[in-house]
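This structure is a prediction, so every number in the text was calculated from the model and none was measured.
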Amino acid sequence: MSRVALVTGGSGGIAPGIVQRLVADGWQVFITARRAEPLEAAARQLGARAITSDATDAQSVLELARQVGGIDLLVNVAASSTPIGGAIETVNVDALVGDLDTKVGGYLRYIQAFVPGMRQRGGGAIVNIGGLTGRSSDTLSGLRNAAISHFTRVLGDQLGPDGIRVNTIHPGIVASPHLVELFGEMAHERGVTAAQVEAEFVAQVPTRRVIDPAEIGDLVVFLAGHAGRSINGESIALDGGYSRGIYL
């Protein structure tokens with residue numbers, strides 16, 4: 001029986017690098033996102049199958065599960081790329097709640113929809129993509145990543161006895177269109193080049209390099225495979241040592 005994976009938020013950001021690595025490892029991969037055109041373009045390029053869904057709509061997610069059928073691996077990536085922060089007096093609470101609903105609520109909706117099929121197939125793996133803001137106070141939207149670490153531990157306890165392992169990856173500075181846009185905006189504000197901004201960030205990383213999205217895919221493949229069979233409920237930073245906290 002072929003190994004089947006679903007990657008949410010599959011049309012952009014770091015997701016294509018994850019999909020590429022899964023396909024290379026022999027997985028049959030479905031990708032999903034809200035907008036059909038970029039999703040289908042990504043599927044053609046990556047050798048995946050595209051089915052649209054909306055992470056904020058439970059019925060849409062359940063319909064996706066009906067169309068896809070059983071899977072062995074769920075990789076939750078879908079999220080808003082706009083951070084929410086600033087002074088607490090001016091924070092748009094509705095926007096913050098919407099951000100949480102897209103990522104935290106969305107991840108849980110996909111998990112609810114696909115876990116029954118995973119149980120029927122005898123187990124599987126869920127990998128949630130978080131973010132280092134969940135381990136810092138840099139921006140209020142880090143709430144979503146802290147929440148993901150929390151429910152990853154809870155679900156690891158609940159689903160582990162069914163042979164379903166749940167883990168979170170917190171990526172560091174990853175090469176992506178969003179990162180290029182961010183560096184460009186920062187460079188414009190400061191009157192410097194984007195290359196200078198990137199160099200400043202890279203200088204803070206002990207390994208002195210930006211992460212390739214395929215490296216996240218490598219870790220996903222490891223966590224989903226036999227070698228990762230005893231890793232469950234964990235939040236793992238893939239950041240070249242950029243986050244220097246000690247988490248016991």
(request) Could you walk me through whether Gln67 and Leu64 pass the side chain to side chain contact (heavy atoms under 4.5 Å, CB included) test, one step at a time? (result) CA-CA 5 Å; Gln67 292 184 58; Leu64 170 73; 5.6 Å; no
(message) Using every non-hydrogen atom in the two residues, find where Gly17 and Pro213 come nearest and quote the distance to one decimal.
(response) CA-CB, 3.9 Å
Quiz: residues 28-52 side-chain donor-acceptor pairs under 3.5 angstrom, not counting sequence neighbours:
{"residue": "Thr32", "atom": "OG1", "partner": "Ile51", "partner atom": "O", "Å": "2.6"}
{"residue": "Thr32", "atom": "OG1", "partner": "Ser53", "partner atom": "N", "Å": "3.2"}
{"residue": "Thr32", "atom": "OG1", "partner": "Ser53", "partner atom": "OG", "Å": "2.6"}

(request) Kindly indicate whether the side chain of Val192, heavy atoms from C-beta on, has any atom under 4.5 Å from the side chain of Val197. (result) yes
(message) Show the nearest heavy-atom pair for residues Ala224 and Ala125, with the distance to one decimal.
(response) CA-CB, 3.9 Å
(message) Could you tell me if Asp99 and Ser141 have a donor-acceptor pair between their side chains, going purely by distance under 3.5 Å?
(response) no
(request) Using the side-chain contact (heavy atoms from CB on, under 4.5 Å) rule, pick out the option among Ile211, Val210, Val202 that qualifies with Ile173. (result) Val210
(message) Same cluster or not: Tyr107 versus Leu62, using hydrophobic residues (I, L, V, M, F, W, Y) connected whenever any side-chain heavy atoms lie under 4.5 Å apart?
(response) no
(request) Give a yes or no on whether the backbone of Gly124 and the side-chain of Asp72 come within a donor-acceptor separation of less than 3.5 Å. (result) no
(request) Find out whether Val7 and Val220 are in side-chain contact, i.e. whether some heavy atom of one side chain is under 4.5 Å from a heavy atom of the other. (result) no
(message) Checking the side chain of Asn167 only, and the main-chain atoms of Val127 only, is there a donor and an acceptor separated by less than 3.5 Å?
(response) no
(message) Is there a side chain to side chain contact (heavy atoms under 4.5 Å, CB included) between Ile231 and Leu223? Walk through the geometry before answering.
(response) CA-CA 7 Å; Ile231 303 175; Leu223 291 171; 3.9 Å; yes
(message) Measuring from atom OG of Ser235 to atom NE2 of His150, what distance do you get when rounded to the nearest 0.5 angstrom?
(response) 11.0 Å
(message) Does the plane of the ring in Phe183 sit parallel, tilted or perpendicular to the ring in Phe201? Use 30° and 60° as the thresholds.
(response) tilted
(message) Just so I know, are the side chains of Asp218 and Val221 near enough to count as touching, which here means a heavy-atom distance under 4.5 Å?
(response) no
(message) Would you compute the distance between atom CG of Asp94 and atom CG of Leu96 and round it to the nearest 0.5 angstrom?
(response) 9.5 Å
(message) Are Ile129 and Phe151 linked, directly or through intermediate hydrophobic residues, by side-chain heavy-atom contacts shorter than 4.5 Å (ILVMFWY only)?
(response) yes
(request) Can you see which heavy atom on Pro171 is nearest to which on Ile169, and at what distance? (result) CD-O, 3.2 Å
(message) Looking only at the side chains, is there a donor atom on one of Asn128 and Thr152 sitting less than 3.5 Å from an acceptor on the other?
(response) yes
(request) Verify, without hydrogens or angle tests, whether Asn232 (side chain) and Val166 (backbone) share a donor-acceptor contact under 3.5 angstrom. (result) yes
(message) Give me each pair satisfying side chain to side chain donor-acceptor pair (under 3.5 Å) with a member in residues 183-192, each pair once, sequence neighbours excluded.
(response) Arg190-Glu200
(message) Return the CD1 to CG distance between Ile84 and Leu143, rounded to the nearest 0.5 Å.
(response) 9.5 Å
(message) I need the Thr139 OG1 to Arg144 CZ distance, nearest 0.5 Å.
(response) 8.5 Å
(message) Within this structure, what is the CG-OG1 distance for the pair Leu140 and Thr133, rounded to the nearest 0.5 Å?
(response) 10.0 Å
(request) Report the C-alpha distance between Asn76 and Lys103 in whole Å, list the side-chain angles of each, state the deciding distance to 0.1 Å, and finish with yes or no for side-chain hydrogen bond (donor to acceptor under 3.5 Å, both in side chains). (result) CA-CA 9 Å; Asn76 275 315; Lys103 189 165 187 176; over 6 Å; no
(message) Between Leu132 and Leu238, is there shared hydrophobic-cluster membership here, with clusters defined by ILVMFWY side-chain heavy atoms closer than 4.5 Å?
(response) no
(message) Membership question, hydrophobic clusters at under 4.5 Å side-chain separation (ILVMFWY): are Val77 and Phe222 in the same one?
(response) yes
(message) Side chains of His170 and Ser243: any donor to acceptor distance under 3.5 Å?
(response) no
(request) Indicate yes or no: does Arg3 engage Asp25 in a salt bridge with an N to O separation below 4.0 Å. (result) yes
(request) For residues Arg244 and Gly241, report the shortest heavy-atom separation together with the two atoms involved. (result) CG-O, 3.6 Å
(request) Using the side chain to side chain contact (heavy atoms under 4.5 Å, CB included) rule, take Val68 and Phe114 through it: C-alpha gap first, then chi angles, then the decisive distance, then the call. (result) CA-CA 9 Å; Val68 170; Phe114 283 95; 4.1 Å; yes
(request) Using a strict 4.0 Å threshold on nitrogen-to-oxygen distance, state whether Arg153 and Glu234 make a salt bridge. (result) yes
(request) Could you tell me which non-hydrogen atom of Val91 sits nearest to which non-hydrogen atom of Gly86, and how far apart they are? (result) CG2-O, 4.0 Å
(request) Walk me through it: do Leu179 and Val174 pass the test side chain to side chain contact (heavy atoms under 4.5 Å, CB included)? (result) CA-CA 7 Å; Leu179 187 68; Val174 182; 6.0 Å; no
(message) Treating Arg109 as the side-chain partner and Ala55 as the backbone partner, does any N or O pair qualify as donor plus acceptor under 3.5 Å?
(response) yes
(request) Kindly say whether Arg119 contributes a backbone atom to a donor-acceptor pair with the side chain of Asp162 at under 3.5 angstrom? (result) no
(request) Measure from the side-chain N and O atoms of Arg121 to the backbone N and O of Met118, and report whether any donor-acceptor pair falls under 3.5 Å. (result) no
(request) May I ask you to say whether Arg135 pairs ionically with Asp239, meaning some side-chain N is under 4.0 Å from a carboxylate O? (result) no
(message) Evaluate Asp101 against Thr56 for side-chain hydrogen bond (donor to acceptor under 3.5 Å, both in side chains), listing each step before the verdict.
(response) CA-CA 6 Å; Asp101 187 43; Thr56 65; 5.0 Å; no
(request) Report yes if some heavy atom in the side chain of Glu181 is under 4.5 Å from a heavy atom in the side chain of Ser176; otherwise report no. (result) no
(request) Find out if a path of hydrophobic residues (ILVMFWY) with successive side-chain heavy-atom gaps under 4.5 Å connects Val205 to Met186. (result) yes
(request) Using the side-chain contact (heavy atoms from CB on, under 4.5 Å) rule, pick out the option among Leu74, Ile126, Val75, Val115 that qualifies with Tyr110. (result) Leu74
(message) Ignoring hydrogens and geometry beyond distance, is a side-chain donor-acceptor pair present between Glu63 and Ser60 at under 3.5 Å?
(response) no
(request) Give the minimum heavy-atom separation between Pro16 and Gly13, together with the two atoms involved. (result) CD-O, 3.5 Å
(message) Keeping Thr193 on the side-chain end and Gln196 on the backbone end, is there a donor-acceptor pair under 3.5 Å?
(response) yes
